[in-house]
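A note on names: the letters A, B, ... follow the listed sequences, proteins ahead of strands, and every chain is numbered from 1.
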Protein chains: 2
Amino acid sequence: MVKRTSFEGDACPIARSLDAIGDGWSLLIIREALFGLRRFGEFQNKLGMAKNILSARLRALVDHGILATAPASDGSAYQEYVLTPKGHGAFPILVALRQWSEEFDDRPSEIATILVDKDKGRPVRKLELRAQDGRLLSQPDTLVKPRPAPRRRSTTARSNLSPSS
Amino acid sequence: MVKRTSFEGDACPIARSLDAIGDGWSLLIIREALFGLRRFGEFQNKLGMAKNILSARLRALVDHGILATAPASDGSAYQEYVLTPKGHGAFPILVALRQWSEEFDDRPSEIATILVDKDKGRPVRKLELRAQDGRLLSQPDTLVKPRPAPRRRSTTARSNLSPSS
DNA sequence: GGCATATGGTTTTATAATGCAACCACACAA
DNA sequence: TTGTGTGGTTGCATTATAAAACCATATGCC
């Protein structure tokens, strides 16, 4: 079998994300959905993509629990696609991609938009990664460790998992 | 001409990022490069991908200024691939993808690793988006605005559009 | 030097994804 | 009932991805 390798069973969380939204259109659809779009035609118009692909992507995003189909909303008996919490949760990914372009793009003058704080109308800061004690971290300050086994019943920081799990 | 639509000339910074690294392998290569890998064979082994594709991706990443080829380093006259500052700058994107999986994946128990602060060994916080005055922002607190014209010499916020436009 | 083998790819060939255009089904309006 | 807009699906051409085979140069060993 020769197909686009899937990372669904992979242990790396990055690979798992990419398996769901790493296809070039999904994130743009999510971007537009965050912006407020809901209808098939709206996405198709705004993104200018082929309808069959949009159709396939929307279905995949629904399957992945990123979008949900809502029965109507504005009266007419058509379908809408709305973000689930998981879909909304992709916002930082979009911000990270945006800021990467803003900082490193070869032709930054071609970038047409900026992300601002709604209250003040001023550009947002760069995304910040912090330690639990609040220290600002950059990549060399971090480390990838194997995940500790989830403790079940236990002593110190007691978990609330039911005994049956 | 029917090819994978490119967003190179697009005004959206997210689309521009995806044009460079939105293909499913590039980010994994960057991840491994951040982790320290440099050689063709190392990438091939770790990622288990076909060599021709790895070859194509590495070349594309070099073309995009994300990787650079270093002449040697450990003596042997082979080539190495090292991250440029632009490549290192993709770190927040990887963190965002990782945290999205950690928070929303359907089978979180399959995720094998966590990102920790090297000093204390404790998990990092979620990425934070802040306004310039430090207020923590979530998506509804933000807005995408057209980029103001870059002022060249000039006074307050005067536009620099030429009279001919 | 000569031979084996590892490294770092390219070529070949097959399959899957993408893109466009045409078509279709249903809702709604006149 | 005919028309039109919305929301898709189907067919076909093109491109990207994948696996495996092949190849060129380096290096290790005798």
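- Of the residues A/R38, A/K46, A/R57, A/R39, the one that meets the salt bridge (Lys or Arg N to Asp or Glu O under 4.0 Å) test with A/E32 is A/K46.
- Nucleotide C/dT18 holds its P atom 6 Å from the CD1 atom of A/I53, rounded to whole Å.
- Of the candidates B/L61, B/I30, B/I29, B/L83 forms a side-chain contact (heavy atoms from CB on, under 4.5 Å) with just one, namely B/I30.
- Side-chain contact between B/R31 and A/C12 is present, with at least one heavy-atom pair separated by less than 4.5 Å.
- With values rounded to the nearest 0.5 angstrom, A/D117 atom CG is found 6.5 Å from B/D133 atom CG.
- In this structure, A/N52 places its CG atom 14 Å from C1' of C/dC24, rounding to the nearest Å.
- Atoms CD (B/Q44) and P (C/dG9) sit 11 Å apart, rounded to a whole Å.
- Checking the phosphate oxygens (OP1, OP2) of D/dA16, no side-chain nitrogen or oxygen of B/R57 falls inside 4.0 Å.
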Heteroatom pairs (N/O) under 3.5 angstrom, protein to nucleotides 5-8 of chain D:
from, atom 1, to, atom 2, distance (Å)
D/dG5, N2, A/Y78, OH, 2.9
D/dG7, OP1, A/R39, NE, 2.5
D/dG7, OP1, A/R39, NH2, 2.7
D/dG7, OP2, A/G41, N, 3.2
D/dG8, OP2, A/Y81, OH, 3.0
D/dG8, N7, A/K51, NZ, 2.7
D/dG8, O6, A/K51, NZ, 2.6

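- One atom, CD1 of B/I29, and another, C1' of D/dT17, lie 13 Å apart when rounded to the nearest Å.
- When rounded to the nearest whole Å, the span between CG of B/N45 and C1' of C/dA6 equals 12 Å.
- Separating the CD atom of B/E80 from the P atom of C/dG8 is a distance of 9 Å, rounded to the nearest angstrom.
- If you check the side chains of A/S109 and B/R147, you find no donor sitting under 3.5 Å from an acceptor.
- Distance A/L54 CG to D/dT9 P: 10 Å, rounded to the nearest Å.
- A close approach under 4.0 Å does occur between a side-chain nitrogen or oxygen of A/W25 and OP1 or OP2 of C/dG19.
- Cation-pi geometry between B/K51 and B/F43 is not met at under 6.0 angstrom from the ring centre and within 45 degrees of the axis.
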